[in-house]
Amino acid sequence: MSTSQQPDPRDRPARLTVGVVGAGRVGPALAASLQLAGHRPVAVSGVSDVSRRRAEHLLPGVPLVPPAEVLARSELVLLTVPDDALPGLVEGLAETGAVRPGQLLVHTSGRYGAKVLDPALRAGALPLALHPAMTFTGTPVDVQRLAGCSFGVTAPEELRLAAEALVIEMGGEPEWIAEERRPLYHAALALGANHLVTLVAQSMELLREAGVAAPDRMLGPLLGAALDNALRSGDAALTGPVARGDAGTVAAHVTELRRHAPQTVAGYLAMARATADRALAHGLLKPELAEDLLGVLATGTDGAEGEAR
């Protein structure tokens, strides 16, 4: 059996010089991943002290320079700025002549497709939208998590293979998203991931209020199983008092939430209504039990808040 080791990617000749405009949590991690694939990060721009420290940590030795200088040094440029800042950044870079013909310009916004890069396209750049469907911490663990991560990919048809190849080099899995579907795609991810964090944080706060010393340990197995079941079975995984039609239990929940955490009531009712609708549609909630339940959800009470449940 051969004992020869695989060559270190750092020993391979770099194929593209890589720059990052916006050293938030995403850009340095993607650049570090591209470095493992044999590319060479050469420049990063960052404004805040936190972003500059993050860049130095994930991309040691890579100089911090202004955005125009990043483009001047790089064949592949990652634009990893907040969504609302992206159009103005692209227009500014194109108007000042910073964009070069043949330069690969990649943004990581989930909201936008390739069209937001049109000013750079007119300047000769090659536009790619590569959005990693993952939450980032700004630490080296992000590079590891990119393995198997799906990327929402949007690009001109002639650049599709190049876009997908870059995703695969970062360890990701490309998923083609049509330009006009990007806002819907991004809304779906935000609904699932961002709102999940809010729900979990609220749940932990309520458990602490109820006297649970380690709410994270209590929730971990429960939420892990719920997520796994939902991904495997969809609506068939629905459980709990709403899916069962336990109107009295739901009313008791609302009463306790009004007393201890009134800021959570609106969210609880909204999610319970959505759950009831889906449970009804999929035959999990019996129609004869739905009327009382929907009445509680419509008013936030069954008129018997003071009764023991």
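Along the sequence shown, residues are numbered consecutively beginning with 1. All of these numbers come straight from a predicted model, not from anything done at the bench.
Checked for salt-bridge contact, Asp84 and Arg111 meet the test: a charged N lies under 4.0 Å from a carboxylate O. Ionic pairing of Arg52 and Asp49 is not present here: no N-O contact between side-chain nitrogen and carboxylate oxygen is shorter than 4.0 angstrom. At a threshold of 4.0 Å, the pair Asp228-Arg232 counts as salt-bridged, since one of the basic side-chain nitrogens sits closer than that to a carboxylate oxygen.
Hydrophobic cluster membership of Leu231, counting Ile, Leu, Val, Met, Phe, Trp and Tyr whose side-chain heavy atoms lie under 4.5 Å apart directly or via other members: Leu227. Using a 4.5 Å cut-off between side-chain heavy atoms of Ile, Leu, Val, Met, Phe, Trp and Tyr, Val116 falls into a hydrophobic cluster with Val21, Val65, Val70, Leu71, Val77, Leu79, Val81, Leu86, Leu89, Val90, Leu93, Val99, Leu105, Tyr112, Leu117.
Without hydrogens or angle criteria, Arg100 side chain to Ala72 main chain gives a donor-acceptor distance under 3.5 Å. Judged by distance alone, the side chain of His107 and the main-chain N or O of Gly113 form a donor-acceptor pair under 3.5 Å. Checking side-chain atoms of Asp142 against main-chain N and O of Thr137 turns up a donor-acceptor pair under 3.5 Å. Of the possible donor and acceptor atoms, one in the side chain of Thr80 sits under 3.5 Å from a partner among the backbone N and O of Gly22. Side chain of Arg15 to main chain of His39: no donor-acceptor pair is present (N/O by atom type, distance under 3.5 Å, no hydrogens or angles). Between the side chain of Glu179 and the main chain of Lys115, a donor-acceptor pair closer than 3.5 Å is present. Under a 3.5 Å cut-off, the side chain of Thr264 and the backbone N or O of Ala261 do form a donor-acceptor pair. Glu75 contributes a side-chain N or O that, together with a main-chain N or O of Thr17, makes up a donor-acceptor pair within less than 3.5 Å. At least one donor-acceptor pair closer than 3.5 Å links the side chain of Gln103 to the backbone N or O of Ser74. Between the side chain of His282 and the backbone N or O of Arg278 there is at least one donor-acceptor pair closer than 3.5 Å.
Remark: Leu206 CG to Glu256 CD distance equals 10.5 Å, nearest 0.5 Å. Distance CE/Met170 to CG/Leu166: 6.0 Å, rounded to 0.5 Å. Atoms CG and NE2, on Asp246 and His253 in that order, are 9.0 Å from each other to the nearest 0.5 Å. The distance from atom OG1 of Thr135 to atom CG of Leu189, rounded to the nearest 0.5 Å, is 11.0 Å. The CZ atom of Arg145 lies 14.0 Å from the OG atom of Ser33; values are rounded to the nearest 0.5 Å. Distance check, rounded to the nearest 0.5 Å: NE2 of His260 to OG1 of Thr255 gives 10.5 Å.
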